[in-house]
Structures are given as structure tokens and as C-alpha cells.
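Data first, discussion second: the structure below is written as C-alpha cells.
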Amino acid sequence: MKLLIGLGVVGGLLVGADRIAVGVAEDQAADAAVSSGWMTSRPDVEIDDFPFLTGALAGELDKVTMSSDGMTVTDGRQTVTVHSFRANMSDVKFTDSYRGVTVGRGDGQGVISYQDLSKFVAGGQIVLQYAGPGKVKTSVAGVTVEGKLRSEGADVVVDGFELNGVAAKLNGLAGDLLKPRRFALTGLPTGLSLSEATPEPDGVRLRFTLAPGTRLGH
């Protein structure tokens, strides 16, 4: 019985040390993400490996997650915030004496509000809203018009607005506001590229892929 108790105490100490080490590593990874310019604001980092020290000593981790509410993107003119950004990384290997890491695989996602999306479309002169799967809508001169939103490669495309009936008699300015728009999101963390843009009730969900071998840290 004493032996079992002793083993339990030792095991508890080892687990405690492992969790402390994880916390330190998560803080260092968050700092490295900012200092290396990978992210402009300090993210929350979660390392899911257990036991952590085993993977750390081997120089490799299975799963690391970074999340932030302060990531921004731009179309070259306007800059907006990506909410609830989350990057999932796997096959993470330490480099440069643990001062940096390279990521074997990864992806990410986040949401931009329709108010912010509207800044990319006609300079915010129209306000976009959710109109169902793959669709957005706006109001011009009191007339509601639906269009489509999707991604094509690295670009976000908003088009398909049709002025019918009374709306078709609106002046040329209204037609210009509703013309097809295509814009690329830049300013993303190194290695991230847009893979999908999908309208959802609370905003446009952006999904990203992370290039294999992306390096974080110095």
C-alpha cells in the first residue's frame, strides 16, 4: 500500500511538472508568434500533447492551436478584424534550439462581420446582410436586392445582384454600387491562404489553409 501511495505521489508530481512545462511553452509560443510577425496581436495557444515533455524532448508535437480575436485582414484599402480566428497545427517540429517551430500541416478559420465586409464592397456605401446559403442582400433606394458571395482561389467574389421591376429604373449610381466585386484578402499570417468564404447568419466565415513547412518564431 505504501508503495502504491508513493507511486501515486510521484505520478502526481510528474503530471504537475508536465502541465507547468506546457504552460511555459504556450506562453513562449504566443510571444514568438508576435515577435516573428506571424500575428499582430498575442494569440491564445493550446498544446494538446500529453505527456508534453515526451514530445518536447523529441522535438515534435502532434497538435497546437492558436486563437485570437484581434487578427486583421485588408483588401489594400480597408482593414477589418477577423473574429474568433483559430489556427489548427499538426506535426509541429522545434527548430533553432527551441526558438522556433515549423508546421507540417494546418488550417484555420474566422469570421468577418457583414458591416466590415461592406467596407470591401462599394466602399461601405451599401450594407450587406445574410440572405441564405451562398447569398447576401442589400437595400438600395428602399429596394432589397439579393446577390451571391463565394471564394474563387484567393479572392472573395460578390456578384449576381439583379435590378428587376421598379428597381431596374434606379439611376446609374445604384447600378454601379451593385456591380460585381472581387477582392483579395492580404495581411494574413505567413503561410495562410484563403480556401473558402461562406455567408453565415453571424457573418462571412473565412477558411484558410496553412502551407506545409510554415515557420513561426525566429
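These figures come from a predicted structure and were not determined experimentally.
In this structure D202 satisfies the salt bridge (Lys or Arg N to Asp or Glu O under 4.0 Å) test with no other residue, sequence neighbours excluded. Scanning for side chain to side chain donor-acceptor pair (under 3.5 Å) contacts around E46 gives an empty result, with sequence neighbours left out. By the ring pair (Phe, Tyr, Trp, His ring centres under 6.0 Å) test, F85 is found to be paired with no residue, residues two or more places apart in sequence or in another chain being considered. With sequence neighbours excluded, the residues satisfying side-chain contact (heavy atoms from CB on, under 4.5 Å) with V111 are R205. Applying the ring pair (Phe, Tyr, Trp, His ring centres under 6.0 Å) rule to F208 yields no partners; only residues at least two apart in sequence or on another chain are considered. Applying the side chain to side chain donor-acceptor pair (under 3.5 Å) criterion to T138, with sequence neighbours excluded, gives no partner residue. Scanning for side-chain contact (heavy atoms from CB on, under 4.5 Å) contacts around A131 gives K135, K137, E146, with sequence neighbours left out. Taking the side chain to side chain donor-acceptor pair (under 3.5 Å) definition, one finds that S41 meets it with S68, sequence neighbours left out. With sequence neighbours excluded, the residues forming a side-chain contact (heavy atoms from CB on, under 4.5 Å) with S84 are D69, listed by chain and number. A search for side-chain contact (heavy atoms from CB on, under 4.5 Å) contacts involving T214 returns W38, L210, A211, L216, not counting sequence neighbours. Residues forming a side chain to side chain donor-acceptor pair (under 3.5 Å) with S193 (at least two apart in sequence, or on another chain): T209.
Remark: side-chain polar atoms of S151 are not paired, donor with acceptor, to backbone N or O of D155 under 3.5 angstrom. The main-chain N or O of V156 is never found under 3.5 Å from a side-chain atom of R181 such that the two would form a donor-acceptor pair. In terms of modelled atom types and a separation under 3.5 Å, the side chain of T81 and the main chain of H83 share no donor-acceptor contact. Formation of a donor-acceptor pair under 3.5 Å by the S195 side chain with backbone atoms of R207 is found in this model. In this structure a side-chain-to-backbone donor-acceptor pair under 3.5 Å is present from S118 to L128.
Closest approach of Y114 to V136, counting heavy atoms only: CE2-CG1, 4.0 Å.
Note on residues 101-112: pairs passing salt bridge (Lys or Arg N to Asp or Glu O under 4.0 Å), not counting sequence neighbours, are D91-R105.
Of the charged side-chain nitrogens involved, at least one lies within less than 4.0 Å of a carboxylate oxygen, so that D159 and R150 count as a salt-bridged pair.
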